[in-house]
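Here the structure is laid out as structure tokens; the discussion comes afterwards.
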Protein chains: 2
Amino acid sequence: MRAEVLKGHLDGLLLAVLDDEPRHGYAVIEALRAGSGGQFDLPTGTVYPALRRLEAAGLIRSGWSVVTGRRRRTYRLTDAGRRALAEQRSAWEDFSAAVSALLQGQPWPAAT
Amino acid sequence: MRAEVLKGHLDGLLLAVLDDEPRHGYAVIEALRAGSGGQFDLPTGTVYPALRRLEAAGLIRSGWSVVTGRRRRTYRLTDAGRRALAEQRSAWEDFSAAVSALLQGQPWPAAT
DNA sequence: TCCCTATAAGTAGCAATGCTATGTATAGCT
DNA sequence: AGCTATACATAGCATTGCTACTTATAGGGA
């Protein structure tokens with residue numbers, strides 16, 4: 001998959017898999033891979049900085065734990081994160097409808 | 001609309017409106033605005049460089065004309081551009097299905 | 001024992017690309 | 001004369017995902 005198509009959509013996807021349940025970074029990567037049929041196989045260099053960005057923005061918060069000797073930073077949504085996710089879902093509806101219409105050369109539906 | 005969501009999708013949209021019919025840059029902007037229900041109101045600083053990028057990539061080619069005193073550079077698809085458009089349409093199907101599934105927390109369809 | 005893989009987190013620096021701001025120019029209307 | 005719409009163009013910026021690399025533990029196989 002071309003890399004750039006994900007730009008601007010990653011944050012919403014991260015929020016969505018964390019809304020499903022709190023996860024640590026590595027589990028987020030696996031959830032994205034499984035939930036996309038293998039399309040989104042993201043490197044740690046993509047996901048970890050993105051999670052830190054979302055935490056800095058107050059949309060998620062994290063806590064440390066240690067499981068079988070491995071440290072885990074587990075992230076969960078904040079209230080602001082849940083609101084942001086709702087906005088992202090709505091924005092995605094509009095965006096994907098517009099792109100689909102344009103790609104297929106269909107006229108934009110006049111009546112909503 | 002947040003700016004970054006368009007990244008990586010603009011090229012496909014440009015190819016699509018030029019596949020509909022040959023257009024000059026200004027007409028491309030209007031076609032994108034009309035075809036998206038006003039969502040994609042792109043500045044010239046986005047569209048003109050993108051068209052030059054596509055031409056440099058051999059996906060479109062341009063020719064000058066003058067209409068009512070104003071010069072126009074009209075772009076049309078090349079054969080490579082038509083192939084690229086077909087790929088973009090296919091890639092968009094996969095991408096949008098994956099994003100929709102993840103955003104809604106639905107399991108990825110096991111059987112295609 | 002040693003090596004390899006999977007798990008787990010992290011960063012520095014790069015590359016791509018859309019946007020802001022700005023500049024040039026013509027047509028037509030008031 | 002001035003304003004708006006039309007029309008093209010570019011320099012430089014900001015964002016963001018990726019590449020490459022580092023550190024560390026657990027567990028299986030040679």
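Every chain is numbered from 1, with letters handed out A, B, ... down the list of sequences.
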Detail all sub-3.5 Å separations between protein N/O atoms and N/O atoms belonging to nucleotides 1-4 of chain D.
none

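The CG atom of B:Leu15 sits 10.5 Å away from atom CZ of B:Arg82, with the distance rounded to the nearest 0.5 Å. Going from atom CG of A:Leu18 over to atom CG of A:Leu51 covers 6.5 Å, rounded to the nearest 0.5 Å.
Rounded to whole Å, the distance from CG on B:Leu13 to P on C:dT17 is 14 Å. Separating the CZ atom of A:Arg72 from the C1' atom of C:dT7 is a distance of 8 Å, rounded to the nearest angstrom. With rounding to whole Å, A:Arg73 atom CZ is found 15 Å from C:dA8 atom P. When rounded to the nearest whole Å, the span between CG of B:Leu6 and C1' of D:dT15 equals 14 Å.
Every residue two or more places apart in sequence or in another chain was checked for a salt bridge (Lys or Arg N to Asp or Glu O under 4.0 Å) with A:Glu87, and none qualifies. Evaluation of the salt bridge (Lys or Arg N to Asp or Glu O under 4.0 Å) rule for B:Arg83 yields no partner, not counting sequence neighbours. Checked against side chain to side chain contact (heavy atoms under 4.5 Å, CB included), B:Pro22 has the following partners two or more places apart in sequence or in another chain: B:Thr74, B:Arg76. For A:Arg71, there are no salt bridge (Lys or Arg N to Asp or Glu O under 4.0 Å) partners at least two apart in sequence or on another chain. By the salt bridge (Lys or Arg N to Asp or Glu O under 4.0 Å) test, B:Arg73 is found to be paired with no residue, residues two or more places apart in sequence or in another chain being considered. Checked against side chain to side chain contact (heavy atoms under 4.5 Å, CB included), A:Ala98 has the following partners two or more places apart in sequence or in another chain: A:Trp108, B:Ser36, B:Gln39, B:Phe40.
Closest to the side chain of A:Lys7, from the set C:dA9, D:dT16, C:dT17, is D:dT16.
Under the ring pair (Phe, Tyr, Trp, His ring centres under 6.0 Å) criterion, the residue pairs touching residues 4-37 of chain B are A:His9-B:His9, A:Phe95-B:His9, B:His9-B:Trp92, B:His9-B:Phe95, with sequence neighbours excluded. Applying the salt bridge (Lys or Arg N to Asp or Glu O under 4.0 Å) test to residues at least two apart or on different chains, the pairs with a partner in residues 23-39 of chain A are A:Asp20-A:Arg23, A:Glu21-A:Arg23, A:Arg33-A:Asp41.
Within residues 93-102 of chain A, no residue places a heavy atom under 4.0 Å from DNA chain D. Residues from residues 48-71 of chain A placing a heavy atom under 4.0 Å of any atom in DNA chain D, listed by number, are A:Arg53, A:Thr68, A:Gly69, A:Arg70. Near DNA chain C, meaning a heavy atom under 4.0 Å away, the residues from residues 19-45 of chain A are A:His24, A:Gly25, A:Tyr26, A:Thr44, A:Gly45.
Shown are A:Asp11, A:Leu77, A:Asp19; of these, the side chain to side chain contact (heavy atoms under 4.5 Å, CB included) with A:Ile60 is made only by A:Leu77.
B:Ser62 places no side-chain N or O within 3.5 Å of a backbone atom of B:Tyr75 that could act as its donor or acceptor partner.
Residues B:Val28 and B:Leu13 fall within the same hydrophobic cluster, defined by Ile, Leu, Val, Met, Phe, Trp and Tyr side chains chained together at heavy-atom separations under 4.5 Å.
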